[in-house]
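Beneath this line is the structure, given in structure tokens, with notes to follow.
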Amino acid sequence: MSLWSGGRFDDGPADALWRFTVDGSDRRLLEVDVLGSIAHVTMLGEVDLVSGDDVDSLLGGLHRILAEARDGDFPWEDGDEDVHSAVERRLGELVGKVAGKLHTGRSRNDQVALDLRLYLMASIGDRVEQIERFIETLIEQGVAVGDAIVPSYTHVQQAQAVPFAHHLLAYAWMLVRDRDRFEGLRSRMAVSPLGAGASGGSSLPLDTSRSAELLGMNGAFTNSMDAVGSRDLVAEFAWCATQTMVHLSRLSEELILWCSSEFSWATYADAFTTGSSAMPQKKNPDIAELVRGRSAVAIGDLTAILTMQKGLPLTYNRDFQEDKRAVFHVDDVLAGSLDALTGLVATAEFHPEEPDVWVTSLDLAEALVARGVPFREAHHVVGRLVSTLVSEGRTFPDVTAVELCAFDDRFEPQDLERLDTANSIGARRSAGGGSMVSVGRQISELRTLLGSS
Ligand code: ARG
């Protein structure tokens with residue numbers, strides 16, 4: 001059913017038009033669409049635009065539809081143009097002609113803008129919970145790996161010795177920001193567009209603040225054209241989701257490398273890996289690979305939502321219909337990725353390899369710096385020591401105290417201790433640096449931020 005047939009139109013829609021314009025993706029908005037209508041009708045009753053009896057009938061029908069939506073037995077029909085039309089059609093079946101009063105002071109333009117906000121607000125709540133669960137998993141693994149030491153990498157070259165927990169917690173901090181971005185968006189989302197109508201508002205005495213209040217939102221729109229003609233918040237949701245996916249993708253890339261025989265830093269549970277149909281020995285980290293792959297599709301969704309808006313004049317344009325497919329998809333991708341990756345990480349066993357001996361080079365240079373040698377000079381001295389040892393086929397552990405002090409008389413015998421990775425981490429002072437003290441502080445700060453301390 002369309003909400004516009006009859007009237008202006010003598011002829012019905014062509015099959016080609018119907019097939020092309022109708023898109024069932026918005027069926028996911030059913031529940032929030034009905035909730036929006038319940039608030040709208042309640043407000044219409046309060047401002048005497050609809051009589052008490054009619055309000056009772058409309059609300060009775062809408063609550064029945066809400067139950068059908070929640071039970072998954074709403075009777076969709078192929079002829080429903082969109083979710084809004086389907087609800088009005090169903091309401092007519094349930095309460096008769098009075099259903100025609102539902103759309104008083106409303107347009108599908110403000111209705112769909114509201115539905116999206118309500119839907120995405122609920123999604124934000126779910127995604128925030130999932131992100132927090134993932135952060136907790138990273139903390140638990142950070143605790144489980146204890147004081148295991150790994151190299152930090154820059155340019156995929158071993159850089160400095162750091163606690164492995166410090167590496168895992170770096171992702172926890174990225175995810176805290178992802179969570180915070182979603183939280184910040186939630187309050188921007190909580191503004192009701194209801195009452196903006198088609199684009200310019202209405203001559204009827206609608207109480208837009210009241211419908212906003214009934215929906216638990218923070219307030220109503222202040223510009224009706226902005227309210228129905230903007231989709232920046234949909235794009236912001238997609239960006240929050242996509243940035244989270246990109247973080248998960250970076251971690252996934254590492255998880256994939258770590259379980260390779262070349263790295264051998266991690267073993268994943270059978271239940272969270274897949275086998276090869278051809279090679280019996282294989283155990284593949286498919287979850288991480290799919291997260292990495294799906295982050296590409298998420299970037300595509302975000303790009304589609306941004307591009308869809310760029311040439312649109314105000315206010316509503318049917319192009320907007322396309323935002324739903326993309327935003328639902330990116331949300332689904334994130335939800336699935338968080339669940340699966342949390343399982344993979346929670347059940348992983350980490351047994352990272354010790355770094356190469358050279359990762360303490362900077363520590364040795366800092367021993368000289370602490371004695372007043374300019375850093376650039378200290379860097380040069382240690383660089384020369386490294387290149388001498390490499391050319392002789394030797395490494396740091398081969399160097400004796402006598403030899404070190406002979407190489408440069410500003411070295412002292414105890415500087416040899418700087419070459420030990422555990423000492424390197426133990427000596428690290430910068431707050432937030434790669435030391436066990438910093439890891440302990442991070443874990444308690446993260447727990448406070450999650451409210452789980
Ligand atoms: N299906 C439409 C959408 O998703 C709903 C709004 C239709 N409004 C209109 N004036 N045709 O954007």
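Note that ligands are numbered from 1 as they come in the structure, with each ligand's atoms numbered from 1 the same way.
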Does a side-chain heavy-atom distance below 4.5 Å link Leu341 with Leu255?
-> yes

Between Leu116 and Arg231, is any pair of side-chain heavy atoms under 4.5 Å apart?
-> yes

Return the orientation label for the Phe164 and His167 ring planes: parallel under 30°, perpendicular over 60°, tilted otherwise.
-> tilted

Please work out which of the three classes, parallel, tilted or perpendicular, describes the rings of Tyr268 and Phe350, given edges at 30° and 60°.
-> perpendicular

Decide if the gap between the ring center of Phe134 and the ring center of Tyr171 is smaller than 6.0 angstrom.
-> no

Does a donor on one side chain sit under 3.5 Å from an acceptor on the other, for Gln111 and His40?
-> no

Enumerate the pairs of nitrogen or oxygen atoms, one from ligand 1 and one from the protein, separated by less than 3.5 angstrom; state names and distance to 0.1 Å.
{"residue": "ligand 1", "atom": "1 (N)", "partner": "Gln321", "partner atom": "OE1", "Å": "2.9"}
{"residue": "ligand 1", "atom": "4 (O)", "partner": "Lys324", "partner atom": "NZ", "Å": "2.7"}
{"residue": "ligand 1", "atom": "8 (N)", "partner": "Asn109", "partner atom": "OD1", "Å": "3.1"}
{"residue": "ligand 1", "atom": "10 (N)", "partner": "Asn109", "partner atom": "OD1", "Å": "3.0"}
{"residue": "ligand 1", "atom": "12 (O)", "partner": "Tyr316", "partner atom": "OH", "Å": "2.6"}

